[in-house]
Structure formats: C-alpha cells, structure tokens
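What follows is a set of notes on a single structure, which appears directly below.
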Amino acid sequence: MPDVDASTVILGIETSCDETSAAIVLGGNDIASNVVSSQIDLHAEFGGVVPEVASRAHLEQLNPVIARAIIEAGIDESRIDAVACTVGPGLIGALLVGVSAAKGLSLVWDVPFVGVNHLEAHLYASLLDDPTIEFPLVVLLVSGGHTMLVEMHAPGEYRLLGQTIDDAAGEAFDKVARFCGLGYPGGPAVEQLAVDGDPTAAAFPRAMRDQGLDFSFSGLKTSVVNFVRKNPDVSVADVVASFQAAVVDVLVHKARRAADEVGAVGIALGGGVAANGVLRAALLDACAADGRRGYVPSPEMCTDNAAMIAAAGWHRLRLDGPSPLDTGATPNLRLV
Ligand code: KG4
Ligand code: ZN
C-alpha cells in the first residue's frame, strides 16, 4: 500500500440513512467533489424514513452518484487510492448497499477498502472546513440518531463524555414537528416556523441541565404535547420557538460545561441538528464569552455527506491501514 499523505485520493461512500452520497477527497481535507442525492421527497409522504424504501433508492442512486463524484472531481478513476464507506451505525439494508459497492470497487481497482464509523466521520466535519482547528476540542455531535459530547485530542483520539439516555436531539425535533403537523424532516421545518414565534412563550423543562454530561429529550417532547393539549389555541410558532430554545439551551450549556471540565480550547458542532441557525449562533456566542474558539461547519458538512466519510477514511487508513474485506455492516456500531 502506498504512503497515506496529502496526495492520497479517497472515494468516500455514504448510504447509512436517507442520503446517497459519494465524494472524492485528497489528503483527508481537500474536497474535489461531494455529490449528495437526498431521499427526503421519497420519505416525506410517510412522515419519516422507511427502511425498505431507503435501501431501494440507494440501489438505484449509488452508481450514478459515484460516477458523478468522479466526473466532478475531474480525475481518472485510476487515481483513486482507496475506497472508504460507512459500515455503521445506520439502517442495515441501506448500509449494505454502500458496503457491497465499496468492496466491489476496491476489488476491481485493487485498492484498499476502509470501513468508516459514521459517527467518527461527523466528528471530522469541522476539520474539513477548518484544517487549522486546535486541540483539545469538545465536539457536540447532534444528529437524528445521536446526541453526544466527545473530547477530541487529535484525529482518531477521542473519548465519549456524555450522550442521550433516550431520544436524540434531532429525533425530538422530528417528533415535535410531526406532532405539530410540520412534516418531515422536522428540524428545518421547526427552525423556519420558530422565526415567527416567541421563544419565551412556554417555559419547557431543561431536563438534566445541571446534572452530568448526559442528555434526556423525551420528557421535553411529552411536555410539548401536554402543553398544546392544555392550550389548544396557542400559536404553533410560539410552541416550536420555545421548544427549540429549550433544546439549544441544554445543548450549549452542557457543551460549555464539558469544555470547562476537560480544558478544551474550542467547541465544534457536528451532525444534522448543527445546521440549526439558533444553535450555531448560541454556541458561537457562548464560545466568544468564554474566550474559546467555536467551530460551526457549513450546513452541507453538518448533514450526512460522503466527504466526511472520505476524510475519516483517510485518517483511519493512515492510523490502522485497510479494513479486511469481511468487515460487515453494523447497524448499532458505537463510537467508542
Ligand atoms: O446527521 P443527519 O443528517 O442524519 C443522521 O445521521 O441522523 O441528521 C438528521 C437530523 C434530523 O433529525 C433533522 O431533523 C435534523 O438533523 N436537522 C435539524 C436541522 N436540519 C436537520 N434539526 C434542527 N434544525 C435544523 N435546521
Ligand atoms: Zn449522520
């Protein structure tokens, strides 16, 4: 295997949930292409991701998406040094589409296959946008399936500080949006409507705010439901603005405390919920007030994409070498 360096070209593949994505990344941070085909329209009519529909759409979309990523990068496929692909966590049928394709390409091209943990890849989103990032860093990873605080000392060196004990932050956004009739995906719909609402209209609970570094969001969702049932004439914009304020308050408060506890010089956001403008602004304000650097990746880097998979694959290849071809897809793969 050649040295893993700034010229190493990685094809990244992501099919863990409802985005089919392929990207070409050089040297772990130079994005030559990042093609994302979203299945949002396919799942919207069902109000959430339907696993079987997702797998079929990945099957149809993946080959053209990979072809486009290679064409947009303007490279010949013979320049690809390794194929990196999400192996978990995610939907098993969806993961298998990407993993099978990645292994097939690695065999045909005779290049290494690198299995990537999707959560680890989300941690690299900030590094992709800002290679001058400084460590130690606390990453607040908030997606549809996970809510975690991670201490990062270097690429590949991290420790889980806390996580949700029930619903993920994105899941709470999605469930509240569905209850309020705002459709799927819930996060962007809540954020948009909340612009017209009063975030102080309802005092929703901030569960476990001052307790440890774990999170709990299922009680908040129940409070929203109870509040609306008791106040049927309430403005939905006020409800979602107050809900969003409660989530952002807990997330930022805990990230700040985590950074204090581990002496972090900065806090980075990652995951789909990190696309939320109110969260981004609150985190940057908190970092400015505390004299820390705040890193908020571009919204495209927050939601699922293959550039972050290729970046994580570059670091994994450098640190551990190729993954065996009998590496399976693991739906409940953990970060650490
Ligand atoms: O990271 P991601 O694209 O997929 C997972 O790995 O889960 O995150 C998707 C989640 C969904 O729950 C979606 O509602 C949420 O991120 N999300 C948002 C926003 N954009 C996406 N949540 C709040 N505000 C947003 N603007
Ligand atoms: Zn994700």
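First listed ligand is number 1; within each ligand, the first listed atom is number 1.
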Can you find an N/O atom of Gly272 closer than 3.5 Å to an N/O atom of ligand 1?
-> yes
With a cut-off of 4.0 Å, which atoms of ligand 1 are near a heavy atom of Asn276?
-> 23 (C), 24 (N), 25 (C), 26 (N)
Under 4.0 Å from any heavy atom of Gly145, which atoms of ligand 1 are there?
-> 7 (O)
Separation between CZ of Arg293 and CD of Glu134, rounded to the nearest 0.5 Å | 5.0 Å
Nearby protein N/O/S atoms (those under 2.8 Å) for the Zn ion (ligand 2), with water ignored = His118 NE2, His122 NE2, Asp304 OD1
Option set Thr86, Val247, Val273, Asp304, criterion heavy-atom distance to atom 5 (C) of ligand 1, minimum = Asp304
Between Gly144, Ala275, Pro188, which one has a non-hydrogen atom sitting closest to atom 7 (O) of ligand 1?
-> Gly144
State whether a side-chain donor-acceptor pair under 3.5 Å links Asp166 with Ser216.
-> yes
Show which atoms of ligand 1 fall inside a sub-4.0 Å distance from at least one heavy-atom site of Gly170.
-> 12 (O)
Within 45° of the ring axis of Phe215 and under 6.0 Å from its six-membered ring centre, is that where the NZ or CZ of Lys254 lies?
-> yes
Does Tyr124 have its ring centroid less than 6.0 Å away from the ring centroid of His315?
-> yes
Near His122 (heavy-atom distance under 4.0 Å), the atoms of ligand 1 are 1 (O), 6 (O)
Let me know which of Asp304, Asn117, Thr303 forms a side chain to side chain donor-acceptor pair (under 3.5 Å) with His122.
-> Asp304
Before signing off on this row, confirm whether Glu19 and ligand 1 have an N or O atom pair separated by under 3.5 Å.
-> no
Give me the other members of the hydrophobic cluster that Phe46 sits in, counting Ile, Leu, Val, Met, Phe, Trp and Tyr linked by side-chain heavy atoms under 4.5 Å, directly or via other members.
-> Leu42, Val50, Val53
Would a 4.5 Å heavy-atom cut-off, applied to side chains only, mark Val336 and Tyr158 as touching?
-> yes
